[in-house]
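Notes for the one structure printed next.
What you are looking at is a predicted structure, and each value in this text was computed from that prediction instead of being measured. In the text below, chain A, chain B and the rest are named by the order of the sequence lines, each starting its count at 1.
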There are 2 protein chains.
Amino acid sequence: MHRTRVRVVEDALDANNTIARANREDFDRDSVTVVNLMSAPGAGKTSLLERAVGGIDGPRVGVLEGDVQGSSDADRIASLHVPVTQINTDPGFGGECHLDANMVRSAIPALPLGEIDLLVIENVGNLVCPAEFRVGEDVRVMVSAVTEGEDKPLKYPLMFRTCELVLINKIDLLPHLDFDLDRFLHNLDAVNPRAERILVSARTGEGVDGWRDWLARLPDRARSLA
Amino acid sequence: MHRTRVRVVEDALDANNTIARANREDFDRDSVTVVNLMSAPGAGKTSLLERAVGGIDGPRVGVLEGDVQGSSDADRIASLHVPVTQINTDPGFGGECHLDANMVRSAIPALPLGEIDLLVIENVGNLVCPAEFRVGEDVRVMVSAVTEGEDKPLKYPLMFRTCELVLINKIDLLPHLDFDLDRFLHNLDAVNPRAERILVSARTGEGVDGWRDWLARLPDRARSLA
């Protein structure tokens, strides 16, 4: 029973990877660099995206919003006059806990790939499953809020291990928390020493310039690595 | 393809419910009331559990800790001299994102059911999948931290809808946030008007007496409802 289940899961992940490669080819054909943006619920993905794409210098940005239900995040991004497409995962069953390559594939016809250089896919808020499903992205960025505690890299290692950049958000709250930043960075080093990290506050704007610049330079960097 | 997938998922949920009922019968046989405690990563489940079971008046409490990896939470609870059992979900594949009835079933032989009145099962930090899998519990409690924003009941409706009690945690940070408590409660009412709610701060201890009392009275209340 257990072995059957593992095989079903492995088959599903293989199928997902095949579709993710097809997505990646579609994105490459239009020279669109793709970011898979992930975090726990309420860590600040949408706020940090609003901060970065409003006034970004260089690439033309599009956004794909994944949510179980609703379009409040997409509405926030659309108000910045950025092309945004919404995927709701709830037709799955009680609500899929992640985007998979097939959901993103189904959204590709609605994406203006010829008119953008950079696509940010905002995943469902979850630190487990999204890490297991490639969707055709070039890089993975995650947001970890200091309010979530220092132990998160150790408790959700796959998510932290799989990211090129960790945005450490809500640093305006550090004076009011027992959060030990050195211990968090030590835990992050233990699972992913090569991850870049930027300290930010979506609320006050501290550090947001660094995140916006990182994103603005990404298409050129991705091209030079390709 | 999609229809096949939905049927596989429905079959899996049916199988889970059958095992959950068997768990419930085992718990009932020993008159153990069971709480399924859920939240997003870092919302404060373990801290609120430490606060409640240390010095609880009445029921003898046991804890079952679910985590993708590690036993840091179980170690924290064990230091309070409460019987605690750890389930790690990572043998699944990249790490299961929830406890299911079968994982809990596999832990039952290790639980001292004859020596406790109340079992708290701390689920994996996740606002989506745990809501879909009954594990044999009598009641569901979730923690929602004010740092996560007011929109969470609307974005993760199944989780909020399925709980008898919502612990609204980290209220010590309210002066430093833009969080609108009335709007959060309005959103909670929209998906689950009958949910009880207690404002708490695991950090300062504010409101923790109310949560501890709720938990202490639970076995009697569950018996009167049975």
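Only the side chain of A:Lys152 comes within contact range of chain B, judged by heavy atoms closer than 4.5 Å. Heavy-atom distances place both the backbone and the side chain of A:Pro41 under 4.5 Å from chain B. A:Asp73 touches chain B through its side chain: at least one heavy atom from C-beta onward sits under 4.5 Å away, while N, CA, C and O do not. For a residue to count as touching a neighbouring chain, one of its non-hydrogen atoms must lie under 4.5 Å from one of that chain's; by this rule A:Leu154 touches chain B with the backbone only.
Interface with chain A: from residues 184-207 of chain B, residues B:Arg203 qualify, criterion being any non-hydrogen pair under 4.5 Å. Against chain A, the residues from residues 163-171 of chain B that qualify, each with a non-hydrogen atom under 4.5 angstrom away, are B:Lys170 in number order.
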query: Does the side chain to side chain donor-acceptor pair (under 3.5 Å) test come out yes or no for A:Thr46 and A:Glu122, once each step is laid out?
result: CA-CA 8 Å; A:Thr46 312; A:Glu122 186 180 334; 2.7 Å; yes
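Interface summary for chain B: among A:Asp151, A:Thr147, A:Asn102, the most heavy-atom pairs under 4.5 angstrom belong to A:Thr147. Across B:Leu127, B:Leu177, B:Asp172, B:Val124, the residue that shares the most heavy-atom pairs under 4.5 angstrom with chain A is B:Leu177. Per-residue heavy-atom pair counts under 4.5 Å with chain B were compared for A:Gly125, A:Gly44, A:Ala145, A:Ala131, and the maximum is reached by A:Gly125.
Closest of all the heavy-atom pairs between A:Gly70 and A:Asn88 is O-ND2, 3.0 Å. Considering all non-hydrogen atoms of both residues, A:Asn36 and A:Phe133 come closest at ND2-O, 4.3 Å. Nearest approach of A:Ala20 to A:Ala101, heavy atoms of both residues: N-CB, 3.4 Å. Listed here is the closest heavy atom pair of A:Leu37 and A:Lys45: O-CD, 3.6 Å. The two residues A:Ala40 and A:Glu148 come nearest to each other via the heavy atoms CB-OE2, 3.9 Å. Among all heavy-atom pairs drawn from A:Ser106 and A:Pro109, the shortest one is O-CD, 3.5 Å.
Paired with B:Leu64 under the rule side chain to side chain contact (heavy atoms under 4.5 Å, CB included), one option of B:Val104, B:Val135, B:Val120 passes, and it is B:Val104.
Atom CE of B:Met103 sits about 14.0 Å away from atom CD1 of B:Ile108, to the nearest 0.5 Å. Rounded to the nearest 0.5 angstrom, A:Ile56 CD1 and A:Leu215 CG are separated by 4.5 Å. Within the model, atoms CG of A:Asp100 and CG of A:Asn17 stand 11.0 Å from one another, a figure rounded to the nearest 0.5 Å.
Within the 4.5 Å cutoff, the side chain of A:Glu65 has heavy atoms near those of the A:Val84 side chain. Between A:Arg140 and A:Arg134 there is a side-chain heavy-atom pair separated by less than 4.5 Å.
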